[in-house]
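Structure record follows, encoded as structure tokens.
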There are 2 protein chains.
Amino acid sequence: MEGKPRPTASAADAIGALDDLVATNLVGRQEFARNLGLSVKDLVCFAHVLEAEGAPVTAGDLAGRAHVTTGAVTGILNRLERGGFVVRRPDPADRRRVRVTAVPAAAERVQAVYGPYYTLLAELCTDYSPDEIAVLTDWLTRAGALARTYLEESC
Amino acid sequence: MEGKPRPTASAADAIGALDDLVATNLVGRQEFARNLGLSVKDLVCFAHVLEAEGAPVTAGDLAGRAHVTTGAVTGILNRLERGGFVVRRPDPADRRRVRVTAVPAAAERVQAVYGPYYTLLAELCTDYSPDEIAVLTDWLTRAGALARTYLEESC
DNA sequence: TGATATTCCTTAGTACGTAAGATAAATTCC
DNA sequence: GGAATTTATCTTACGTACTAAGGAATATCA
């Protein structure tokens, strides 16, 4: 169960590679969002709605997640709703609140645009053993959690 | 030379974790840029200038890298120059061109803001063996190259 | 030389964000 | 129960950063 030999690298190398990857993704998402008639933050919010999967997401939740004001969320939801990605419904339990849910077909619509890039990444993964993918996923997951914690606590 | 056991995961899991990490970093960079009086694209451009390390970077190069118009680059360079991050100098060989170079101390100034997050990631890495870091760096590097190629060719 | 291309900048318009406050609903405290 | 406060979303005015289109200076090629 030995993986292929990979060039040796330090933690700094890994972080540098991550930075570069993030920077490129950052530019790419702008194009990606534009293709869907949305902004980058719109996509962040929509992803959060999808991730919640049925659990009621409110406008305030999205403001916290995307680090924008609640005023900006109104605009974000206007675009997402106008584009048919989400629906706003009043919360029956607290009528000040707005419950945002994803339109079922919308996830596929986003996936269609994202698909080709996703496929390339999946192909890249075939070059790695299950053990290696496990390490990779573990690290990415923990780095993601770390980033979110840092973002919430230090900003 | 066995690493710790990591939870098994599929390529889809890895890509999902990457997506989440990128989304969080995307939001974080906005805060990060604001702390420096810059925009996210300003940082992308400055990183490119640093990366070039002495090789002459032109305004047009930056437009290509950040996927913005040359008009926008003028504004980006104005901010970077006003903030003391880069200097613009006319190219002696082609006087239409502008050569952009980093101000030496500026890299450290950015690093100072980035530092705490970097440290957390470095700490996370201590939990992984050299082999695992090698795999990680390899994958991140290739994914970065893949993303850049895709961005250039398909947009 | 003259025509065309390239490179950066300028201008006008647009999109997306913030800040401050309005509105409506829920909660808390007599 | 009613008044005061807090909470959640939306509205308005405004700022910043981008695009699109075009201008000026320089380079390149027939």
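Worth knowing before you read on, the calculation uses all heavy atoms, side chains too, and leaves out hydrogens, waters and symmetry mates. In what follows, chains carry the letters A, B, and so on, assigned in the order in which the sequence lines appear, proteins first and then strands, with residues in each chain numbered from 1.
DNA chain D is contacted by both Arg97(A) and Arg34(A); Arg97(A) maps to the nucleotide lying nearer its 5′ end (nearest heavy atom per residue). Between Ile76(A) and Thr74(B), the one whose closest nucleotide on DNA chain C sits nearer the 5' end is Thr74(B).
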Under 3.5 Å, N/O pairs linking protein and nucleotides 20-28 of chain C:
unit_1  : atom_1 : unit_2   : atom_2 : d
dA26(C) : OP1    : Arg95(A) : N      : 3.0

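By the side-chain contact (heavy atoms from CB on, under 4.5 Å) test, Arg96(A) pairs with Asp94(A), sequence neighbours left out. Applying the side-chain contact (heavy atoms from CB on, under 4.5 Å) test to Thr101(B) and every residue at least two apart in sequence or in another chain returns Val87(B). In this view, Asp13(A) satisfies the salt bridge (Lys or Arg N to Asp or Glu O under 4.0 Å) rule with no residue, not counting sequence neighbours.
Residue pairs meeting the ring pair (Phe, Tyr, Trp, His ring centres under 6.0 Å) criterion with at least one partner in residues 92-111 of chain A, sequence neighbours excluded, are absent. For residues 76-115 of chain A, every residue pair satisfying the ring pair (Phe, Tyr, Trp, His ring centres under 6.0 Å) rule, not counting sequence neighbours, is listed here: Phe32(A)-Tyr114(A), Phe46(A)-Phe85(A), Tyr114(A)-Tyr117(A). For residues 68-87 of chain A, the salt bridge (charged side-chain N to carboxylate O under 4.0 Å, His left out) pairs, not counting sequence neighbours, are Asp42(A)-Arg79(A), Glu81(A)-Arg88(A). For residues 100-114 of chain B, the set of pairs meeting the salt bridge (charged side-chain N to carboxylate O under 4.0 Å, His left out) definition, not counting sequence neighbours, is empty.
Note on Val103(B): it does not cluster hydrophobically with Leu62(B), by side-chain heavy-atom contacts below 4.5 Å among ILVMFWY residues. Cluster membership for Leu124(B) and Tyr118(B), using ILVMFWY side-chain heavy atoms within less than 4.5 angstrom, is shared.
Arg79(A) has its CZ atom 10 Å from the P atom of dA15(C), to the nearest Å. Computed from coordinates, the His67(A) NE2 to dC16(C) C1' distance equals 18 Å when rounded to whole Å. Between Gln30(A) atom CD and dC16(C) atom P the separation is 10 Å, expressed in whole Å.
Atom CD of Glu53(B) has 12 or fewer neighbouring heavy atoms from other residues, nucleotides or ligands inside a 6.0 Å radius.
Cation-pi geometry between Arg142(A) and Tyr128(B) is not met: the NZ or CZ atom fails to fall both under 6.0 Å from the ring centre and inside 45° of the normal.
Rounded to 10 degrees, the angle separating the terminal helix axes of the helix from dT1(C)-dA30(D) to dC30(C)-dG1(D), each built from five base pairs, is 20°.
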Could you pull out every donor-acceptor pair under 3.5 Å between side chains of residues 68-76 of chain B and any protein atom, sequence neighbours left out?
unit_1   : atom_1 : unit_2   : atom_2 : d
Thr69(B) : OG1    : Ala72(B) : N      : 3.3
Thr74(B) : OG1    : Thr70(B) : O      : 3.4

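Under a 3.5 Å cut-off, the side chain of Asp138(B) and the backbone N or O of Ala134(B) do not form any donor-acceptor pair.
Looking at heavy-atom distances under 4.0 Å, Ala72(B) makes contact with a base. Residue Arg99(A) is out of contact with every strand shown, counting any heavy-atom pair closer than 4.0 Å.
Along DNA chain D, the stretch of nucleotides lying under 4.0 Å from any heavy atom of chain B spans, 5' to 3', dA17(D) to dA27(D).
Residues from residues 37-53 of chain A with heavy atoms under 4.0 angstrom of DNA chain D: there are none.
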